Amino acid sequence: MKAAVLHEIKQPLAIEEVERPQPGHEEVVIRVEACGLCHSDLHVADGDWPQFNKIVKKPLILGHEIAGQVAQKGATVRDLSVGDHVGVPWLHWSCGQCDFCRTGYENLCVAQKITGVTVDGGFAEYVKAPASHTEKIPPGLSSVEAAPLFCAGVTVYRALRQAEIRPAERLAVFGIGGLGHVAVQIGVALGAEVTAVDISDEKLALAKSVGAFATHSASAPDTLKAMRSRGGAHVAIVTSASRAAYDLAFNSLRPTGTLLAVGLPAENICFAPIMMASKEVRIRASAVGTRQDVREVLAMAAAGKVRCRVATRPLEDANEALEELRRGQVTGRVALMP
Ligand code: NAD
Ligand code: ZN
Ligand code: ZN
């Protein structure tokens with residue numbers, strides 16, 4: 001089968017023929033119809049996270065926003081049939097037995113496998129996944145519409161749910177990319193007053209079109225002043241891969257506000273303890289989501305409350321698509337189609 005393969009970090013993916021996966025007893029093989037390109041794929045390909053490099057499979061097929069159809073299944077798979085419309089998230093497998101799996105935090109499983117990181121992902125014609133962690137896509141959603149929900153969607157859904165934002169509270173979204181434009185919509189659905197901040201006018205226009213109450217350029221000198229004049233943000237979610245977004249987000253908070261750390265820049269972030277204490281700021285981080293979170297965000301999308309802006313490209317264009325994402329030229333999401 002055809003696949004886009006990472007052989008070395010910082011090197012272009014090789015578009016090449018590799019062996020088609022075969023399902024184990026409890027696995028399915030999915031014919032990939034669309035696989036979203038997430039900024040995390042770029043971080044992995046560029047080796048941005050040294051803490052992660054040692055767990056990255058080599059050579060690796062990236063891609064963890066997978067949607068397609070079950071093509072084959074293992075002997076003991078009962079709940080899925082050939083032809084089912086399904087998706088595979090970042091959380092490829094979790095053990096079900098560790099403290100975290102047993103307390104509702106399977107996304108933090110100590111033995112987890114990660115799609116497109118520790119095992120091969122969806123930048124390929126076929127991908128293999130455990131049936132237990134393969135989710136059915138509700139009727140009404142195409143593979144292209146559904147794919148980004150398996151990471152971008154579920155991540156911001158869980159993060160905003162954890163922040164316990166209440167109707168009429170002010171939510172600021174820093175970074176209106178694949179994750180951010182979904183975060184704006186979920187914020188609106190939760191009844192928040194959503195302010196969007198990005199460095200690109202095109203992305204701010206996207207935020208406005210999906211319901212943002214206000215938009216600000218991150219580089220405009222009066223952005224913080226404008227946000228503080230409304231009292232500051234109750235919750236500021238950072239869905240940018242830039243450290244500068246964290247600095248601005250922290251400073252946009254009202255006292256007792258929550259900084260939601262989701263974007264994963266290579267650099268460390270740093271805040272003055274006196275400013276943290278004097279505002280009694282809360283800092284909360286969130287990691288993708290559980291299978292239940294995936295089901296809930298898929299249901300929201302099927303009900304029309306969330307819609308990803310997705311442009312498609314053939315799998316062969318994976319390197320061009322990665323380069324556009326690196327340069328900040330992707331508005332919404334790009335999904336690769338084998
Ligand atoms: P993206 O490239 O689509 O979006 C990033 C956005 O940030 C772009 O719109 C860009 O213009 C904007 N931006 C750049 N500099 C900015 C600044 N100074 N201020 C405000 N906005 C700025 O990326 P994505 O796929 O949405 O992913 C975003 C980040 O989230 C990445 O770091 C990714 O690794 C991370 N991520 C985290 C999790 C998690 O579980 N925590 C899950 C998925 C992705
Ligand atoms: Zn992702
Ligand atoms: Zn576990």
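Both backbone and side-chain heavy atoms feed into the values below; hydrogens, waters and symmetry mates do not. In listed order, ligands and their atoms are each counted from 1. Computed from a predicted model, the values in this text were never measured in an experiment.
Of all the listed residues (A196, A245, G263), G263 holds the heavy atom that lies closest to atom 29 (C) of ligand 1. Of the options R243, H216, H39, the smallest heavy-atom separation from atom 24 (P) of ligand 1 is shown by H39. With distances taken over non-hydrogen atoms, the option nearest atom 33 (C) of ligand 1 out of G175, G332, S40 is S40.
Considering every non-hydrogen atom in both T115 and P89, the closest pair reads OG1-O, 2.6 Å.
Considering backbone and side-chain atoms alike, L264 places an N or O below 3.5 Å from some N or O of ligand 1. Inclusion of V262 in the set of residues having an N or O under 3.5 Å from an N or O of ligand 1 is warranted.
Ligand-side atoms of ligand 1 in range of R333: 24 (P), 25 (O), range being under 4.0 angstrom from any heavy atom. Near I176, with a cut-off below 4.0 Å to any heavy atom, the atoms of ligand 1 are 9 (O). Short contacts between ligand 1 and A287, defined as distances under 4.0 Å to a heavy atom of the residue, involve ligand atoms 40 (O). Short contacts between ligand 1 and T155, defined as distances under 4.0 Å to a heavy atom of the residue, involve ligand atoms 38 (C), 39 (C), 40 (O), 42 (C), 43 (C). Of all atoms in ligand 1, numbered sequentially from 1 with element shown, those under 4.0 Å from a heavy atom of C151 are 42 (C), 43 (C). The contact set between ligand 1 and L325, taken as ligand atoms under 4.0 Å from a residue heavy atom, comprises 2 (O), 3 (O).
Residues T118 and H92 have side chains that never bring a donor and an acceptor to within less than 3.5 angstrom of each other. Judged purely by distance below 3.5 Å, without hydrogens or angles, the side chains of Q112 and H133 never pair a donor atom with an acceptor atom. In summary, the side chains of T331 and E202 do present a donor paired with an acceptor at a separation below 3.5 Å, with no hydrogens or angles considered.
Of the heavy atoms in V197, only backbone atoms (N, CA, C, O) come closer than 4.0 Å to ligand 1. Only the side chain of A218 comes within 4.0 Å of ligand 1, counting heavy atoms alone; its backbone N, CA, C and O stay farther away. Residue-level proximity to ligand 1 for L179 is carried by backbone and side chain together, each with a heavy atom below 4.0 angstrom. At a 4.0 Å heavy-atom cut-off, ligand 1 touches S286 through the backbone alone.
Aromatic ring orientation, W90 versus H64: perpendicular (interplanar angle above 60°, classes split at 30° and 60°). A tilted orientation is assigned to the rings of H39 and H43, their planes being inclined by 30° to 60°.
Atoms of the protein (N, O or S only) found under 2.8 Å from the Zn ion (ligand 2) are C38 SG, H64 NE2, C151 SG.
Heavy atoms from other residues, nucleotides or ligands lying under 6.0 Å from CD of E17 number more than 12. Atom CG of D222 sits in a crowded spot, with more than 12 heavy atoms from other residues, nucleotides or ligands closer than 6.0 Å.
Expressed to the nearest 10°, the angle at the Zn ion (ligand 3) joining SG in C98 with SG in C95 is 110°.
Scanning the protein heavy atoms around atom 18 (N) of ligand 1, the nearest turns out to be S242 OG, 3.3 Å. In terms of protein heavy-atom proximity, atom 4 (O) of ligand 1 is closest to G177 CA, 3.2 Å. Of the protein's non-hydrogen atoms, V288 N, 2.6 Å is the one closest to atom 40 (O) of ligand 1.
Salt-bridge check for K2 with E316: passed, with a basic side-chain N closer than 4.0 Å to an acidic carboxylate O.
Using modelled atom types, one side-chain atom of R282 and one backbone atom of T256 make a donor-acceptor pair closer than 3.5 Å. Checking side-chain atoms of S81 against main-chain N and O of D84 turns up no donor-acceptor pair under 3.5 Å. A donor-acceptor contact shorter than 3.5 Å links the side chain of Q185 to the backbone of H181.
Under a 4.0 angstrom heavy-atom cut-off, W49 registers as being in contact with ligand 1.
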